[in-house]
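In what follows, a structure is listed as structure tokens, so that the remarks can point back to it.
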2 protein chains.
Amino acid sequence: MAITIRDVAKRAGVAPSTVSRVIADNPSISEKTKNKVRTVMKEMNYFPNIYAQGLASAHSKTFGLVLPLATDAFYQNPFFPTVLRGINFEMAKHDYSILLSVGLDDDQRRKHIEKIVNGKQVEGLIFLYASKNDPLLRFAQEVNCPAVVIGSPDNTKVHYVDNDNDLIGYQATTALIQQGCQRIAYIGGDMDQFFIADRHKGYERALKDHSLAYDPKHIYNDFAFLPSDGYNLAKDTLDLENIDGMVISDELVAEGVRNYLDTQDIQDVHTITFSAYHQGNTQSMNKTSYVNLNSQIIGSRAVDILFEALEPDQASTRFIHEYVDADLHTT
Amino acid sequence: MAITIRDVAKRAGVAPSTVSRVIADNPSISEKTKNKVRTVMKEMNYFPNIYAQGLASAHSKTFGLVLPLATDAFYQNPFFPTVLRGINFEMAKHDYSILLSVGLDDDQRRKHIEKIVNGKQVEGLIFLYASKNDPLLRFAQEVNCPAVVIGSPDNTKVHYVDNDNDLIGYQATTALIQQGCQRIAYIGGDMDQFFIADRHKGYERALKDHSLAYDPKHIYNDFAFLPSDGYNLAKDTLDLENIDGMVISDELVAEGVRNYLDTQDIQDVHTITFSAYHQGNTQSMNKTSYVNLNSQIIGSRAVDILFEALEPDQASTRFIHEYVDADLHTT
DNA sequence: CTGAAAGCGCTTACAG
DNA sequence: CTGAAAGCGCTTACAG
């Protein structure tokens with residue numbers, strides 16, 4: 001049917017094994033032979049059968065990407081495409097592919113992962129979220145499948161990459177304090193999300209270090225991560241009279257809040273948020289600061305770590321916990 | 001190394017070919033044998049090697065999912081996770097996997113697709129977008145790779161699924177007219193996007209059919225699809241004095257527009273938009289209508305069509321162009 | 001209803 | 001620097 005390595009070999013006047021080595025760019029093959037074989041491959045429009053390569057070499061050259069449930073607000077956030085871009089960038093370098101693992105419920109997702117991991121369709125897993133007591137992550141650990149989490153899971157026996165959310169919460173809050181804010185609110189969201197809770201910790205510590213009182217009334221949670229929610233939050237819930245600064249964990253929420261402030265022409269409230277990807281077009285507005293999370297870098301680092309984890313020469317089991325630097329942009 | 005079909009066969013006291021047939025649930029194997037073999041497979045925690053299956057059977061059991069460039073505003077829209085949910089739902093039924101094809105530029109994306117298609121890593125492609133003169137789509141056609149587009153491409157020689165955007169543009173506009181609107185604006189966005197242009201056509205036709213004048217001043221384009229843009233559009237650009245209804249193509253933009261209207265307490269302007277997935281929590285507001293696009297169904301239909309296209313018994317080449325019904329919800 | 005055998009298209013020691 | 005041979009772990013006619 002399809003054209004195979006034998007066909008190429010025959011036409012090029014070499015052995016199939018030689019063609020195979022040319023595909024792998026094996027240094028023991030002479031440039032002359034390589035050129036000849038490559039020319040023939042082009043002529044015949046030859047492409048190696050990936051499944052045959054995978055079976056023979058025991059390398060599928062693909063990673064599984066584990067996404068949250070498809071209903072998750074996660075997908076609305078620029079974080080997702082940005083980190084995906086980073087992952088893709090790094091995988092392309094290594095000529096690896098991404099197999100998606102979604103699923104309508106945990107059971108379905110687990111079965112799928114079980115199948116692709118045990119069935120050797122993937123060499124490793126990238127978790128695009130960190131959640132409490134994740135059964136899928138536990139499974140990966142049980143079967144000893146190399147895995148890296150993007151985020152900070154409640155489980156240290158796994159590789160992960162993240163921003164240092166405690167630190168950036170601290171930095172963001174400190175930035176507002178240095179701009180003169182005294183009554184700073186923390187607009188979190190779901191405190192069950194580790195990054196929300198960690199940034200909150202940093203916020204709290206920053207207040208303390210600068211001798212400002214921590215006031216539970218200034219902590220806002222329990223709303224979804226959508227701009228309309230930010231807008232409505234500002235309109236209906238925030239006690240704007242008693243706030244001169246806000247640390248807003250989610251950038252879409254921050255956008256909604258700013259829209260409201262603009263509408264009401266409220267000019268004396270500073271805001272700072274955390275941005276996966278800073279679009280050039282955003283005019284740097286007055287009293288509007290942000291922390292660039294460099295999420296694309298998080299994605300590529302995750303891939304790098306997975307490749308490291310795949311190296312067989314690691315004497316000991318160790319887990320890489322890496323924090324990607326974020327940069328503060330104040331106005 | 002890993003446990004294979006031979007190990008299972010030995011332990012179960014049958015031939016490897018029998019085990020293979022049990023895996024495939026081949027009806028020619030007795031229930032008794034099936035049970036015995038299945039028990040052993042469980043005991044030994046056996047999972048078939050997917051690459052070996054794929055190589056031997058010439059079925060990779062995976063489809064490639066072609067995404068737009070990672071920078072695309074597309075990812076911000078609920079359409080993406082919703083359609084992904086539909087795709088996943090349908091693929092899970094058939095026990096198929098999804099291989100992602102992203103890429104930082106067209107060249108990289110094309111090379112990757114070339115590799116996975118020619119290398120038999122995927123049996124078909126699902127395009128999650130329709131764009132003008134898409135080189136990737138053209139490539140799929142050239143190599144005769146089964147493909148289905150989600151959206152309406154400028155190319156009829158391919159399968160596709162979409163809403164009937166002309167029709168729903170018509171229906172949405174008519175709904176506003178029936179609610180008494182006379183000066184209806186069309187908030188589109190990028191007229192290069194086929195769905196924006198098609199809904200606009202329907203809008204224009206509805207006006208005509210109801211003897212309302214088409215006024216170019218009422219057509220708004222050239223802004224991005226983000227809620228903040230909707231808000232700012234309403235604030236700075238829209239001529240709200242002369243508008244009593246708006247057909248807003250993008251639901252996030254619509255959200256921004258409504259936020260602005262609420263703020264200004266403008267109550268006499270109807271809006272209607274198109275929604276990929278209607279969240280239950282949205283209180284049905286006054287003069288706020290929507291068209292449910294049933295995007296999840298679009299996703300599952302795309303998968304079904306791809307499976308149909310894979311059937312070898314199709315005598316003639318034919319292309320399926322399917323429109324998924326949308327439902328109008330007025331207030 | 002089941003088994004023995006060939007084959008899918010590669011890679012990789014091994015030998016030279 | 002290159003080739004012959006075995007093997008990766010399955011599936012699938014073919015035969016009985």
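Below, chain A is the first sequence line, B the second, and so on; all start at residue 1.
Residue B:Lys36 contributes atom NZ, which lies 13 Å from atom C1' of C:dG3 at whole-angstrom precision. For B:Tyr51 and D:dC8, the OH to C1' distance is 14 Å, given to the nearest whole Å. One interatomic measurement links the two molecules: NE2 of B:His59 to C1' of D:dT12, which rounds to 12 Å at whole-angstrom precision. C:dC8 atom P lies 18 Å from atom CG of B:Asn49, rounded to whole Å. Protein atom CD1 of B:Ile3 is 16 Å distant from nucleotide atom C1' of D:dC8, rounded to whole Å. Across the protein-nucleic acid pair, A:Ile5 atom CD1 and D:dG7 atom P stand 19 Å apart, rounded to whole Å. In this entry the distance linking NZ of B:Lys10 with C1' of C:dG3 reads 15 Å, nearest Å. If you measure from atom CE of A:Met41 to atom P of C:dG9, you get 17 Å, rounded to the nearest angstrom.
Within 4.0 Å (heavy atoms only), B:Thr4 reaches sugar-phosphate atoms of the nucleic acid but no base atom.
Taking the six-membered ring for Trp and the full ring otherwise, A:Phe307 and A:Phe63 have centroids separated by under 6.0 Å.
Within the structure, a side-chain polar atom (N or O) of A:Tyr46 is placed less than 4.0 Å from OP1 or OP2 of C:dC10. One finds a side-chain N or O of A:Ser30 lying less than 4.0 angstrom from the OP1 or OP2 phosphate oxygen of D:dT2. Within the 4.0 Å cut-off from OP1 or OP2 of C:dT2, at least one side-chain nitrogen or oxygen of B:Thr33 is found.
B:Tyr51 and A:Tyr51 have parallel rings, their planes meeting at less than 30° on a 0 to 90° scale where 60° marks the start of perpendicular. Between B:Tyr160 and B:Tyr323, the angle of the ring planes goes over 60°, which puts this pair in the perpendicular group of the 30/60° scheme.
The nearest heavy atom of DNA chain C to A:Gly54 and to B:Ser28 marks one nucleotide each, and the one closer to the 5' end goes with B:Ser28. Along DNA chain C, the nucleotide nearest B:Leu55 and the nucleotide nearest B:Val14 are compared for position; the residue whose nucleotide lies closer to the 5' end is B:Val14.
Taking 3.5 Å as the limit, the base of D:dA5 and the side chain of A:Ser17 contain no donor-acceptor pair of atoms between them.
We find that A:Asp7 and A:Lys10 are not joined by a salt bridge, their nearest charged nitrogen and carboxylate oxygen being 4.0 Å or further apart. A salt bridge links A:Asp304 with A:Arg301: the distance from a Lys NZ or Arg NE/NH1/NH2 to an Asp or Glu carboxylate oxygen falls below 4.0 Å.
Picking from D:dC10, C:dT11, C:dC10 the nucleotide with the shortest atom distance to the side chain of A:Ser57 gives C:dT11. Set against C:dT12, D:dT11, C:dT2, the side chain of A:Ser20 has C:dT12 as its closest nucleotide. The side chain of B:Arg21 approaches D:dA13 more closely than any other nucleotide in the set C:dT2, D:dA13, D:dT11. Nearest nucleotide to the side chain of B:Ala56, out of C:dT2, C:dC10, D:dG9: D:dG9.
Under the Watson-Crick and G-U wobble criteria, each requiring two contacts below 3.5 Å, nucleotide D:dC14 is paired to C:dG3.
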